[in-house]
Enquirer: 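My questions all concern the structure below.
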Amino acid sequence: MLPFKNRLVKRKEHEQVQKLGNFTSSKNIAIKAMKNNSQETRIGVIVGLKYSKKAVERNQVKRALRDIVQPELKNIVRGYDIVIMARKKEEEKTRSINFKKNILEALEKGQLLINKK
RNA sequence: AAGGUAAAUUGAAUAAUCGCUCUUCGCUUUUGUGAAGGGAGGAAAGUCCGGACAUCAGCCCCGCACUAACUUUGCAUCGGCCUUCGGCCUAAGCACCAUAGGUGCUAUGCAAAGUUAGUGCGGGGAUCGGUAGCGGGUAACGCCCGUCUAGGGUGACCUACGAGGUGCGAGCAGAGACGCUUUGAUGUGAAAAUAUCAAAGCACCCUUCGGGGUGAGCCCCGAUAGUAAUAUUGGGGGUGAAACGGCUAAAUCCUUACUUAGAUGCAAGGUCGUACGCCAAUGCGAAGCAGUGAAAACAGUAAAUUGGUGUUUUCAGUGCUUCGUAUUGGUGGGUACUGCAAGAGCUUAUUGGUAACAAUAAGCCCAGAUAAAUGAUUAUUUUUAACAGAAUCCGGCUUACAGAUUUACCUUGAAA
RNA sequence: UGAGAGAUCGUCUAGUGGUAGGACAGCGGACUCUGACUCUGCUCACCGGGGUUCGAAUCCCUGUCUCUCAG
């Protein structure tokens, strides 16, 4: 799990990011990001009913996404609220998706990664 | 040993690193940080039943208890002192008798009785519901247990239905099935008509119109032919028709017995705080507008003074509007805490009971999140790991489920 | 998470135990020189699985899907 200060907590904040954030995506991941006033990166994860009807599967995906994001926190530009959404086609199975690759791809597209050059 | 029946248990394990949540303790005390410990299920699911809990509402009668008000009756009366019982000192509104004092009224207190209202508990009844062989269990249920009946299975065992009627008319049986037509009676109606009840409804002949006779058909007893279905035929008396019977709910209605009590649902409900929005009232301040009063100036009246009129300025004060601010009240949304996990709890043992279950004793504390906690990585082993994620809490039912294990029993075969 | 409602021809709907009806659409025919309109005929359905019943779209149980409300 993420430390408390790095989570997007409130429902209203989520809605704001959903409405006003910049959208980028890769194959199985969609990202909305918006600047906030603090120095911290705050991340929320959404896995909707459309992803799967089983609660267990949705929880597993949420855990997986958080675990992937956590070590990358250092590499993400500070001061953004980020909402990560998972998506898949009906036939796809959760196990066959490589979320890490997808997330990094999406973050790069949104220019949220710190360049190591 | 093989096959099966019923029930129960379990639902990958171990180690290391990183990370989350709760509790306790310590250090800091604002955030934090260290240690120890706890951290999803048998179905957590579906929401199909039943409760707990909470808020709102709450039929009639009786009894008991408590509280409040009122009425009646009785007793007492500020206050102070002494060691309790109690005694002493002193004092007391109004009216009357009449002054040792007494009576009545008022006020207050206490006690008793009664009335009214409210609350709680218990009992009975009515009505809306629910259930249905019989008996039991449970907080309760449509749940569970035992047993009766029917069906299936060699068997262990499994499955199913279950009060009494009414109405309906599909199927069976039957010559014919709940109906049609005609007539009559009764009720309603001006009539038409309609509802209910009763009777009649094969063919021909006779008739005094009541009915009678003959024949077909039906019923009963036969005979002949044929393996048989059946065909032909004899006798009898009845009938000559539209009866009688079986089944029928988890839809409707009635009855009986038992049982229960409504509605809404933890996003129920409660507490704290008030930084926020809106509305209302009040106070203060500012601005604007409109009246009022006073003063001054000017105009005007033929003219001086006075008075009055009009305009302007200043001051005072009133009303209205707007803005700001403060207080109070209402309302809306938001937030924190609570509700919230010690419970119809779990484990073990004993006793009662065929059992469901109950009682007793001992021990135990076992998730409590709030965008929502159990994961990831590495290594080893095996069967390569099913269905699946708590959200107020319980008891059932139903549905999903890879496998593994245990117990009891049955059938068959073999051996003794 | 809690509370409810529903599923009937391709589409919209009616049907409260006894042949599942209508409208639009589709197909064929008639009318017309042809098309449209009109007339006429036909085709096409009870969400899946069990049960009660002589008989189920309807009643009961169960599963699936869709929608609504609270937030």
Side-chain angles (χ1 to χ4, degrees):
Chain A
M1 275 299 290
L2 300 165
F4 190 78
K5 58 183 179 182
N6 288 335
R7 293 188 211 163
L8 244 191
V9 175
K10 292 185 181 175
R11 186 188 183 85
K12 274 196 173 178
E13 294 169 350
H14 264 270
E15 281 175 0
Q16 268 197 342
V17 175
Q18 291 265 357
K19 276 187 183 175
L20 307 175
N22 294 320
F23 178 83
T24 54
S25 72
S26 60
K27 192 180 174 190
N28 291 105
I29 293 291
I31 285 182
K32 286 207 169 189
M34 196 179 84
K35 269 194 181 176
N36 61 7
N37 294 326
S38 74
Q39 282 293 311
E40 298 291 344
T41 304
R42 296 194 299 175
I43 291 179
V45 176
I46 295 179
V47 181
L49 254 186
K50 281 184 184 173
Y51 182 88
S52 166
K53 297 208 168 176
K54 298 177 182 178
V56 172
E57 208 176 323
R58 274 181 271 132
N59 281 344
Q60 283 173 349
V61 172
K62 271 196 257 182
R63 287 177 192 138
L65 292 182
R66 289 198 193 106
D67 273 319
I68 291 166
V69 169
Q70 197 183 349
E72 303 293 330
L73 272 177
K74 302 170 191 171
N75 299 331
I76 295 175
V77 180
R78 289 195 167 185
Y80 275 91
D81 285 345
I82 302 176
V83 172
I84 301 175
M85 291 170 278
R87 58 183 185 181
K88 71 166 186 178
K89 294 176 183 174
E90 275 189 21
E91 317 88 48
E92 273 184 298
K93 289 183 181 175
T94 303
R95 279 186 207 160
S96 62
I97 298 177
N98 187 345
F99 283 108
K100 190 169 182 180
K101 206 176 173 187
N102 273 299
I103 286 182
L104 293 181
E105 216 175 283
L107 286 175
E108 248 181 85
K109 272 190 189 174
Q111 300 180 338
L112 292 170
L113 286 179
I114 297 174
N115 290 329
K116 293 177 183 175
K117 299 169 189 176

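Please read these numbers as outputs of a predicted model, since none were measured by experiment. Basis for what follows: all heavy atoms, side chains included, without hydrogens, waters or symmetry-related copies.
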Enquirer: Output the rounded distance in Å from CD (A/Gln60) to C1' (B/rA388).
Expert: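 After rounding, the gap between these two atoms is 10 Å.
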Enquirer: B/rA257 and B/rA241: how far apart are their C1' atoms, nearest whole angstrom?
Expert: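 So the two C1' atoms sit 46 Å from each other.
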Enquirer: In dot-bracket form, 5' to 3', how is RNA chain C paired? Count Watson-Crick and G-U wobble pairs only if both distances fall under 3.5 Å, and write | where the partner sits on another strand.
Expert: ((((((((.[[[[.)..(..]]]].(((((.......)))))....[[[[[..)....]]]]]))))))).
Enquirer: Give me, pair by pair, the N or O atoms of the protein and of nucleotides 376-378 of chain B that are less than 3.5 Å apart, along with how far apart they are.
Expert:
| residue | atom | partner | partner atom | Å |
| --- | --- | --- | --- | --- |
| B/rA376 | O4' | A/Asp67 | OD2 | 3.4 |

Enquirer: Taking any strand in view, what nucleotide pairs with B/rA185 in a Watson-Crick or G-U wobble way, both distances under 3.5 Å?
Expert: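 Its partner is B/rU196.
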Enquirer: Write down the partner of B/rU224 under the Watson-Crick or G-U wobble criteria, each distance required to be under 3.5 Å.
Expert: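 Because both required distances fall under 3.5 Å, B/rU224 counts as paired with B/rA231.
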Enquirer: I need the CD1-C1' distance between A/Ile68 and B/rC18, as an integer number of Å.
Expert: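 For the pair A/Ile68 CD1 and B/rC18 C1', the rounded distance is 15 Å.
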Enquirer: With both distances under 3.5 Å as the test, what is the Watson-Crick or G-U wobble partner of B/rC128?
Expert: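 Result: none.
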Enquirer: Does B/rC97 count as syn, meaning its glycosidic angle lies within 90° of 0, or as anti?
Expert: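 Base orientation relative to the sugar is anti.
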Enquirer: Partner of B/rC20 by Watson-Crick or G-U wobble geometry, both contacts under 3.5 Å, or none?
Expert: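 Result: B/rG39.
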Enquirer: Per the atom types in the model, does the base of B/rG389 pair as donor or acceptor with the side chain of A/Arg63 at under 3.5 Å?
Expert: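 Indeed there is one.
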Enquirer: Could you tell me which nucleotide pairs with B/rG114 by Watson-Crick or G-U wobble geometry, both distances under 3.5 Å, or answer none if nothing does?
Expert: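 Here B/rG114 is engaged in a pair, and the nucleotide opposite it is B/rC70.
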Enquirer: Please report the distance, rounded to the nearest Å, between CZ in A/Arg58 and P in B/rA372.
Expert: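 To the nearest whole Å, that distance equals 15 Å.
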Enquirer: Quick one: look up who B/rG11 pairs with, Watson-Crick or G-U, both distances under 3.5 Å, and put none if it's unpaired.
Expert: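 Partner of B/rG11: none.
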Enquirer: Scan every strand shown for a Watson-Crick or G-U wobble partner of B/rC105, both distances under 3.5 Å, and answer none if you come up empty.
Expert: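 Across all strands, the one nucleotide that pairs with B/rC105 is B/rG93.
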Enquirer: Hunt down the Watson-Crick or G-U wobble partner of B/rA408, both distances under 3.5 Å, from any strand shown, or write none.
Expert: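 Paired with B/rA408, as far as the under-3.5 Å criterion goes, is B/rU5.
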Enquirer: Taking atom C1' in both B/rC148 and B/rA132, compute the distance separating them and give it to the nearest angstrom.
Expert: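 One C1' to the other, the span is 16 Å.
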Enquirer: Please state how far atom CZ in A/Arg66 lies from atom C1' in B/rU21, giving the value in whole angstrom units.
Expert: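 So the two atoms are 12 Å apart, to the nearest Å.
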Enquirer: Can you measure A/Ile84 atom CD1 to B/rA371 atom P for me and round it to whole angstrom units?
Expert: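 Rounding to the nearest Å, CD1 of A/Ile84 and P of B/rA371 are 17 Å apart.
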Enquirer: State the syn/anti category of B/rA263 according to its glycosidic angle, syn meaning within 90° of 0.
Expert: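 Anti, since the glycosidic angle lies more than 90° from 0.
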Enquirer: So A/Val61 and A/Val45, do their side chains get closer than 4.5 Å, heavy atoms only?
Expert: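 No; the side chains remain at least 4.5 Å from each other.
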Enquirer: For B/rG240 versus B/rG201, give the span between their C1' atoms, rounded off to a whole number of Å.
Expert: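 B/rG240 and B/rG201 have their C1' atoms separated by 13 Å.
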Enquirer: Report the distance from atom NZ of A/Lys62 to atom C1' of B/rU21, rounded to the nearest whole Å.
Expert: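 The answer, rounded to whole Å, is 15 Å.
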Enquirer: State the syn/anti category of B/rG155 according to its glycosidic angle, syn meaning within 90° of 0.
Expert: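 Nucleotide B/rG155 adopts anti.
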Enquirer: Can you tell me how far apart CD1 (A/Ile68) and CD1 (A/Ile29) are? Round to the nearest 0.5 Å.
Expert: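 Going from the CD1 atom of A/Ile68 to the CD1 atom of A/Ile29 covers 7.5 Å.
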Enquirer: Please state how far atom CG in A/Leu65 lies from atom C1' in B/rA371, giving the value in whole angstrom units.
Expert: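 Rounded to whole Å, this separation is 14 Å.
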Enquirer: Under a 90° cut-off about 0 for the syn range, is B/rA341 syn or anti?
Expert: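 You should classify B/rA341 as syn.
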